[in-house]
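In what follows, a structure is listed as structure tokens, so that the remarks can point back to it.
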Amino acid sequence: MQLFRSFVKKEFYHIFRDVRTLLILFGLPIALILIFGYVVTSEIKNAKIAILDHSKDKITTEITNKILSSGYFILSENLKSAKQIEEVFRQGEVREVIIFEPEFSKNLSKTGQANVQIITDASDANTANLILNYTRAIIQDYSMSLNKIPAQSIKIIPQTRMLYNEELKGVYMFVPGTMALILLLVSAMMTSISIAREKEMGTMEVMLVSPLKPLQIILGKVTPYFVLSFINAVTILLLGVFVFGMPVKGSLILLLGESMLFILLSLSLGILISTVSPNQQVAMFISMMALMLPTILLSGFIFPIENMPPLLQWISHIMPARWFITVLKNVMLKGTGLLFVWKESLIMIGMTVIFISMSVRKFKVRLE
Amino acid sequence: MSKEIIISVQNLMKKFGQFVANDDLSFEVYKGEIFGFLGANGAGKTTAIKILCGLSTPTSGKISVAGFDAYTQTNKIKHNIGYMSQKFSLYEDLTITENFRFYGGIYGLNKKQIQDKTKQLLERLKLEDAKDKIISSIPLGWKQKLAFSIAIMHDPKIVFLDEPTGGVDPITRRQFWELIYETAHQGITVFVTTHYMDEAEYCDRVSIMVDGKIIALNSPKNLKNEYQAKSMDEVFLKLTRN
């Protein structure tokens with residue numbers, strides 16, 4: 001135990017004396033989460049919209065004016081038929097099309113209800129969502145102002161459709177995605193680099209000659225990173241919840257447990273990388289190329305997996321982050337329990353076991 | 001000098017597939033002597049040292065280090081040996097004291113033992129004032145002596161030095177050998193590999209390895225007589241050329 005303590009203590013010295021390590025450990029997570037966060041919540045200005053007005057009466061004109069005078073939207077064109085909708089979206093300029101049903105005012109005064117359809121280009125899910133909410137708010141505002149005059153309730157019902165990404169997956173992706181990315185970065189990259197550094201400096205040799213067992217060396221190496229990664233996970237969660245209003249509907253204990261599992265997975269990956277890299281540069285390179293980029297591109301962090309070609313969808317199955325992101329989304333957004341994420345959890349446990357057994361084998365081979 | 005045997009190697013074989021790295025090595029090292037382990041690169045020195053340090057299992061042969069068996073008691077062996085390599089193996093971002101504390105810790109010394117040992121060894125090197133300096137800021141010669149002091153911090157029976165003087169200037173090398181002598185006088189056996197033939201002259205006995213075999217083992221003086229050479233350099237060249 002005393003042996004273990006002096007090992008971990010030494011590891012903390014390494015971490016706290018290296019400015020670059022500290023920056024990656026604590027600066028990067030906060031910077032990333034704030035950047036991603038504010039990209040998502042940034043305001044929309046001058047989004048181009050098209051309007052298809054089937055009734056062209058007083059109320060639709062008023063609503064149109066109200067929307068266009070809000071400052072958020074610019075009218076790109078007035079459409080004449082529904083066929084043009086697809087066309088304007090394809091040109092890529094227009095973000096949203098608003099369609100008023102025929103006989104809008106008449107319906108409203110007769111039945112107290114009228115329909116307006118809002119179609120957005122959700123290939124950029126975040127922007128689409130924002131535009132939609134702004135438009136909805138304006139229409140609601142208008143319908144409230146109508147209600148003030150007559151006593152009867154009048155409803156304008158916006159019917160919305162998010163084209164190209166119907167369920168709008170990806171809106172709250174940035175917190176789970178960034179969390180997966182950062183934990184992977186901190187755990188896998190930092191451990192692999194720090195073990196590779198021991199090899200490079202020749203200190204690994206001395207430790208192997210000492211009575212320390214390989215398992216003790218590995219445990220001593222990963223313990224500090226496990227602790228720091230967990231602190232990071234909690235920081236990101238707190239930022240997500242309190243700064244960006246990310247809900248945590250499911251069990252907090254399950255969430256933290258799954259985070260620990262993913263940290264373990266990343267650490268075992270880092271150890272594996274370090275056993276195959278002779279020096280720090282190689283360790284860093286492998287971590288970057290083999291972990292970071294595929295994680296960003298293929299885990300569903302930025303691009304929805306459903307929209308990928310089958311081959312890439314298949315590859316995404318071996319991305320550890322994919323499963324963690326799914327778990328986070330389920331637990332945080334949908335509030336599901338272990339019953340619904342056991343498959344993902346099992347896959348992550350399986351991956352951890354595979355990586356650890358592979359590294360132990362490599363470790364022994366290297367000793368021979 | 002006492003003739004107590006501290007390392008005993010009989011018919012050591014180590015094969016990697018078809019390749020024979022150590023071919024039927026047999027030798028003994030006595031307690032308190034400075035034993036030179038010479039050979040060209042690739043002669044099999046490193047493989048033999050790894051086996052003696054308990055890092056690698058021999059293919060066959062009977063090997064005992066500090067009284068322990070190299071097949072079954074590697075952990076006991078590890079407790080009784082010290083090791084220092086050409087890379088010095090100090091943590092550059094830790095201070096001298098912290099390095100002592102870490103290495104003392106992994107050999108299971110307690111706080112008091114570590115403090116006493118650190119003080120004693122630093123006094124011997126006259127580096128007490130530098131104890132809080134970061135390793136990366138001190139000269140190479142100091143690092144080398146510190147690495148050696150750390151290797152013998154837990155009072156091992158044998159200390160293995162793998163090319164300990166690589167890249168160090170002649171004066172520092174000379175000082176380093178004085179340190180080695182002092183250690184040997186205290187009864188710690190020194191097992192040293194080196195490229196420098198002038199250093200081979202300082203050893204009590206020298207073995208010379210070629211292609212996995214030991215082809216000569218004797219004191220430098222006897223070897224020079226036997227091969228009618230003026231220096232160990234000549235002995236080495238005569239042996240390795242044939």
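The figures here come from the full heavy-atom set of this structure, side chains too, leaving out hydrogens, waters and symmetry mates. Chain letters run A, B, ... following the sequence lines, proteins first, then strands; residues in each count from 1.
Here the CD1-CD1 distance, from B/I106 to A/I217, works out to 7.5 Å after rounding to the nearest 0.5 Å.
Using a 4.0 Å cut-off between charged nitrogen and carboxylate oxygen, A/R17 and B/E92 do not count as a salt-bridge pair.
For A/E198, the part lying under 4.5 angstrom from a heavy atom of chain B is the side chain only. If you measure heavy-atom distances from B/F160 to chain A, you find no contacts under 4.5 Å at all. For B/I81, the part sitting under 4.5 Å from any heavy atom of chain A is the side chain, from C-beta outward, and nothing else. Looking at B/I150, neither its backbone nor its side chain comes within 4.5 Å of chain A, counting heavy atoms on both sides.
Atom CZ of A/F16 has more than 12 heavy atoms from other residues, nucleotides or ligands within 6.0 Å. Around CZ of A/R5, the count of heavy atoms belonging to other residues, nucleotides or ligands within 6.0 Å does not exceed 12. Annotation for A/I253: atom CD1 does not count as buried by contact number, only 12 or fewer foreign heavy atoms lying within 6.0 Å.
Across every non-hydrogen atom of B/G105 and A/S6, the tightest pair is CA-OG, 3.5 Å.
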Chi angles and distances behind the side-chain contact (heavy atoms from CB on, under 4.5 Å) call for B/Y103, A/T203: CA-CA 10 Å; B/Y103 282 114; A/T203 45; 3.5 Å; yes

Please walk me through it: do A/Y13 and B/R101 pass side-chain contact (heavy atoms from CB on, under 4.5 Å)? CA-CA 12 Å; A/Y13 280 139; B/R101 217 184 288 150; 3.4 Å; yes

Going through the checks in order, is the side-chain contact (heavy atoms from CB on, under 4.5 Å) test met by B/Y91 and A/H14? CA-CA 9 Å; B/Y91 289 96; A/H14 288 321; 3.2 Å; yes

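A search for side-chain contact (heavy atoms from CB on, under 4.5 Å) contacts involving B/S60 returns B/M13, not counting sequence neighbours.
The closest donor-acceptor contact from the side chain of B/K78 to the backbone of A/K213 lies at 3.5 Å or more, if one exists at all. Here the side chain of B/S89 pairs no donor or acceptor atom with the backbone of A/V206 at under 3.5 angstrom.
Here the options are B/I77, B/N80, B/N75, the test is side-chain contact (heavy atoms from CB on, under 4.5 Å), and the partner is A/P211; only B/N75 passes.
Between A/F7 and B/F102, the two ring planes are perpendicular [angle over 60°; tilted spans 30° to 60°].
Between B/L55 and A/V209 the shortest side-chain heavy-atom distance falls below 4.5 Å.
The most heavy-atom pairs under 4.5 Å with chain A, out of B/E98, B/K87, B/M84, come from B/E98.
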